[in-house]
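A short worksheet on the structure shown next.
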Amino acid sequence: MPRPAIDLFKKTFGTTPRAAASAPGRVNLIGEHTDYNGGPVLPIAIAQRTTVAVGPGAPGDASVLEAVSTQFSGVARVKWQEELPKGWVAYVGGVLRELWSLEAVPFDGSVRIAVASDVPIGAGLSSSAALAVATAKALAPSLNPRQIAGVAFRAEHDHVGVRCGVMDQTIAALGKRDHALLFECASLEATQIPFDARLLLVDTGKRHDLSAGGLNQRRAECEEAVKRLKVELPELLWLASWPAEWLPRLKRALREPLRARAVHVVSETARTRFAAQLLQQRRLKQFGKLLYESHESCRRLYDCSSPELDTVVAAAKRAGALGARLTGAGWGGAAIVLVNKTDKKTIPAIQRAYERAYGRSAPITEVKPSAGAHTERV
Ligand code: ADP
Ligand code: MG
């Protein structure tokens, strides 16, 4: 739905935008905390999207960015080459700087943008990558999806300063309707896998602002684990590259908590590749089992679940769902639940369990794998 962004552009700047593009949020099916460890992930792009409408700034306004979003008040105005904008506009400034290095900034560097979105912010659905990817696509539609993902990743990682992996931007740029994407974060190899299953998203309502601290700590632990494991295997670059059949050796080499973190990453890596094979063969029951195993590993070994997420997963399991697990970094946010197409028990069972435990409801929606970034008609 490009309309809200286009209308906001007209209302704010009094002119019609020249171009627009949209990009989706994402849900990761399996492969949690593997991305920054050089392992595989298996995300899908979701139906919720962020749309960005763009046009040239006022004549003579060199390198000025004016930006507005339905999610934030006010119009930001900043000389983006001289300073990185603050707050949400930093994502846009980062994209402009990256496009500049590719000589791909339009309108002589003077840009107006308007953003509208139905991707909830901070709910673990990657609204930040949707914003950066949609901005890059709207400003430089001739770049290919890989280039768009690269620009958006560097904008968020290098300019905004978020220690994210490449998964979010890659799925937002490369996503395909009715497909999941097996993405190897070290080799950047990407494989589209048909996904025709009924998937529920349960929002625990617990926002993950607290996760930044936990995530940074986990990243530091993984780096430390690699440093120690290099004594055993000097050519080891990524934790996820440690051979799964050498787990006993890994366990001997590391102490807790590094041991538990590393066992999660190495086993989750093998699990994710196996899960992609099962999905390819449409063996949903076995695929679902791996979702439960992944959750258990996140909970016990990586210590990144939360009581709310555990309540949802346990209720899903009791109701006979095929699989369930937290998705996104964890410590709150959302869980996914895989169910049979005819299943009628799981949704009410989760709702009952959640209300009993927390005295409030957890919104449940169905997710459909949708298209990645594309331009929109203005
Ligand atoms: P998420 O898990 O949703 O990606 P992040 O903390 O990584 O959470 O990113 C959220 C940030 O991305 C917001 O605080 C804001 O700076 C930016 N953002 C996301 N969507 C929008 C939007 N529609 N308009 C403006 N800024 C946005
Ligand atoms: Mg994000």
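We count ligands from 1, going down the list as the structure has it; atoms in each ligand are counted the same way. When a residue number appears, it is its place in the shown sequence, counting from 1. The analysis underlying the following values was restricted to heavy atoms, covering all of them including side chains, and did not include hydrogens, waters or symmetry mates.
The existence of a salt bridge linking Glu223 and Arg163 is confirmed by a sub-4.0 Å separation between a basic side-chain nitrogen and an acidic carboxylate oxygen. Electrostatic pairing of Glu293 and Arg325 does not count as a salt bridge here, judged by no charged N lying under 4.0 Å from a carboxylate O. Between Asp168 and Arg26 there is a salt bridge, since a side-chain N of the basic residue sits under 4.0 Å from a carboxylate O of the acidic one. Using a cut-off of 4.0 Å between Lys/Arg side-chain N and Asp/Glu carboxylate O, Lys341 and Asp196 are scored as salt-bridged.
Contacts of Ser128 with ligand 1, taken as heavy-atom pairs under 4.0 Å, involve both backbone and side chain. Within the 4.0 Å heavy-atom criterion, both parts of Ile121, backbone and side chain, lie near ligand 1. Looking at Ser117 against ligand 1, only its side chain comes within 4.0 Å, counting heavy atoms.
Within the 3.5 Å criterion, the main-chain N or O of Ala116 finds no donor-acceptor partner in the side chain of Gln71.
Interface atoms of ligand 1 facing Gln71, defined by a heavy-atom separation under 4.0 Å, are 22 (C), 23 (N), 24 (N). Proximity to Gly122 (heavy-atom distance under 4.0 Å) selects the following atoms of ligand 1: 1 (P), 3 (O), 8 (O).
For the pair Val202 and Ala362, the tightest heavy-atom approach, listed with the atom from each and the gap, is CG1-CB, 3.9 Å.
Considering backbone and side-chain atoms alike, Ser69 places an N or O below 3.5 Å from some N or O of ligand 1.
Within the coordination shell of the Mg ion (ligand 2), defined by N, O or S atoms under 2.8 Å, Ser128 is present.
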